[in-house]
Amino acid sequence: MTLVDTRTPDPKRLIPGATGDWEVIIGMEVHAQVTSNAKLFSGASTAFGAEPNANVSLVDAAMPGMLPVINEECVKQAIRTGLGLKAQINLKSVFDRKNYFYPDLPQGYQISQYKQPIVGEGIITVSVGPDRQGNFEDIEIGIERLHLEQDAGKSLHDQHATMSYVDLNRSGVALMEIVSKPDLRSSDEARAYLTKLRSILRYLGTCDGNMDEGSMRADVNVSVRRPGEPFGTRCEIKNVNSIRFAGQAIDYEARRQIGILEDGGAIDQETRLFDPNKGETRSMRTKEEAHDYRYFPDPDLLPLEFDQAYVDALAVGLPELPDDKKARLVASLGLSAYDASVLVSEKAVADYFEKVASGRDGKAAANWVINDLLGQLNKTGNAIEETPVSPDQLGGILDLIKEGTISGKIAKDLFEIVWNEGGDPKAIVEKRGMKQVTDTGAIEKAVDEVIAANPDKAEQARAKPTMAGWFVGQVMKATGGKANPQAVNALVKEKLGIAD
Amino acid sequence: MSVTIDTVKRVAKLARIAVDDEDAERMTGELNAILGFVEQLNEVDVAGVEPMTSVTPMEMKKRQDIVTDGNKAGDIVANAPATEENFFLVPKVVE
């Protein structure tokens, strides 16, 4: 791969050092577990959390004489992902053996794709921000390639004094390795890239993006240079398993490299590990032999070939992706770009919002979903899937506001009740007498009572009209918040003789 | 193209095959004879000829995404020299 610099150094992304500014260059290799029932080349299950070696076939354990047969769904998932990344789909690709020895790799090689991957160059648009002015900046990050490969098994080192435990359940599970170009220029951009990639994968349903379970892991390549100079020597930080850690690892690694260079040293190209507890990267045991994988085409597998019609059929079945959805929400519902991007960041949130907004005012629905629903979920630490308020219930609350049955303030109380106790919003309003009082007679009576009870305050208000707000508050209190605030305001002013 | 004894030793090490000096010496000669033959093949002009991947034209067989295998951890580890609760046990490897 020839490294091409596509970006112009941007002063606001530079890192100040003791001897001047530095620019950090980042490229990512993301391993995304393909969503499928069975493994890439065997009929064993991919389910997470099974008993040791329960999801293992003789193929995955590399027993002599076993032959791989490719799972067609994994091929389709890779093509769908390629289409979602606006990438070149290669109608012919080849599986190669990547040879190395490790106890969790029973074959002694990983079946991967080397010179002819299934997906070529593509692009991801990443939104970075907000900056101090609240603005977002869209940048395009190039995708170098996506290829299919087998995952390895898992080693546990802390179960025994002198032995390691090996579980092959993950051995042979399909992975997509998605390689970016070295287009990222800050830890913020790197985090935004991972977030966007995960969102696209989840929309497509090709990877669940669950980093806790290891379904998505990133190898992060970091180097630094003086702005305008050629790329420096890079270090690869292996197996970063959270987006936050990726940001921390990059910040630490950039500082470390700048420190070495400013002291007149040189960077060794090496593989490093990120330690989340210490927040630092450290060198992995240097391999005695440099990476020498001796790739060659796997003689057990024919080239993977399909025609354009096969790709086109998959393209037709693709769901609407976050960028398109965002554009549609802005154009057809008049949402702000910020609100739209919050709503589309997770597919489940977007689906929820679209149910609430269906047949209702989009902006009101967006406000309620973002401020109230997501706000409350954030507070309780729950995901949208665990919401106690369904889209129908929230929609019901919005309808009651629209009809004028309840005020916006009462609606907040109603939301609390539905959140805690459930139930049909309309029935709750009926049963608990939460309806807005629009009957002028009743409001008038309340206004009269408050004025009569507070003659001194009434006097002050006549002299200083801003005091009228106090009366509005008292009347709202007296009516249990059910009075129509506009009506109360008008009546208070009228009764006190304050001109509008 | 030819190989030196150092290359033979390195390849043997990468393949985890124990080769002593005497064997390495002999293999260097054998490998160079093979490479000489390949060089002879290289004299044939194959420009514009697709690499042949199979003697009979056929498409790669594919399987459906159905779980048809597994749940035999006991069989999987049956030949292992050391196991515990259906894990393989191997000499400790720590980064």
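Per chain, numbering begins at 1; letters A, B, ... match sequence-line order. All values derive from a computational prediction rather than experimental measurement.
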Measure F41(A) against the heavy atoms of chain B and call it side chain, backbone, both or neither at under 4.5 Å.
backbone
One pair to check against salt bridge (Lys or Arg N to Asp or Glu O under 4.0 Å): R10(B) and D292(A). What are the steps and the verdict?
CA-CA 10 Å; R10(B) 185 163 156 273; D292(A) 189 347; 2.3 Å; yes
Could you check if a side-chain atom of L168(A) sits within less than 4.5 angstrom of a side-chain atom of F88(B), using non-hydrogen atoms only?
yes
Return yes if some donor-acceptor pair links the side-chain N/O of D167(A) with the main-chain N/O of F87(B) below 3.5 Å, else return no.
no
Going from CD on E84(B) to NE2 on H160(A), what distance comes out if it is rounded to the nearest 0.5 angstrom?
6.0 Å
Taking atom types as modelled, find out whether N86(B) and N53(A) have a side-chain donor-acceptor pair closer than 3.5 angstrom.
no
If you draw a 6.0 Å radius around CZ in F37(B), do more than 12 non-hydrogen atoms from other residues or ligands fall strictly inside?
no
E22(B) CD: over 12 foreign heavy atoms closer than 6.0 Å:
no
How far apart are the closest heavy atoms of P52(A) and A73(B), and which atoms are they?
O-CB, 3.5 Å
Options T162(A), L301(A), N55(A), ranked by heavy-atom pairs under 4.5 Å with chain B, top entry
T162(A)
Student check: side-chain heavy atoms of N71(B) and V56(A) closer than 4.5 Å
no
Relative to chain B, which segment of E72(A) carries a heavy atom at a distance below 4.5 Å: side chain, backbone, both, or neither?
both
When you compare the side chain of L302(A) with that of M58(B), does any pair of heavy atoms fall below 4.5 Å?
yes
Hey, are the side chains of L14(B) and N99(A) touching, using non-hydrogen atoms and a 4.5 Å cut-off?
no
Check whether any side-chain N or O of R63(B) sits under 3.5 Å from a backbone N or O of V69(A) as a donor-acceptor pair, and report yes or no.
yes
Distance-minimising heavy-atom pair for V67(B) and A44(A):
CG1-C, 4.3 Å
Donor-acceptor contact present, side-chain K61(B) to main-chain I70(A), <3.5 Å
no
Would a distance-only check, ignoring hydrogens and angles, find a side-chain to backbone donor-acceptor pair under 3.5 Å from K72(B) to S57(A)?
no
Can you tell me which portion of A161(A) sits under 4.5 Å from chain B's heavy atoms? Options are side chain, backbone, both or neither.
backbone
Run the side-chain contact (heavy atoms from CB on, under 4.5 Å) test on M60(B) and L304(A) for me, step by step, so that the C-alpha distance in whole Å, both residues' side-chain angles and the decisive distance to 0.1 Å come before the verdict.
CA-CA 7 Å; M60(B) 179 154 70; L304(A) 175 57; 3.8 Å; yes
For E213(A), I'd like to know if atom CD has over 12 heavy atoms of other residues, nucleotides or ligands within 6.0 Å.
yes
Answer yes when E50(B) and K92(A) have at least one side-chain N-carboxylate O distance shorter than 4.0 Å, and no when they do not.
yes
Non-hydrogen atoms of chain B under 4.5 Å away: do they reach the side chain of S36(A), the backbone, both or neither?
both
Below 4.5 Å from any heavy atom of chain B, which atoms of P103(A) appear? Answer side chain, backbone, both or neither.
side chain
Basic-acidic side-chain contact under 4.0 Å: D69(B), K39(A)
no
Hey, mind stepping through L89(B) and Y165(A) against side-chain contact (heavy atoms from CB on, under 4.5 Å) and telling me if it holds?
CA-CA 5 Å; L89(B) 258 63; Y165(A) 283 40; 3.9 Å; yes
Is it the backbone or the side chain of A80(B) that comes under 4.5 Å from a heavy atom of chain A, or both, or neither?
neither
Between M63(A), E305(A), E73(A), Q159(A), which has the largest tally of heavy atom pairs under 4.5 Å with chain B?
E73(A)
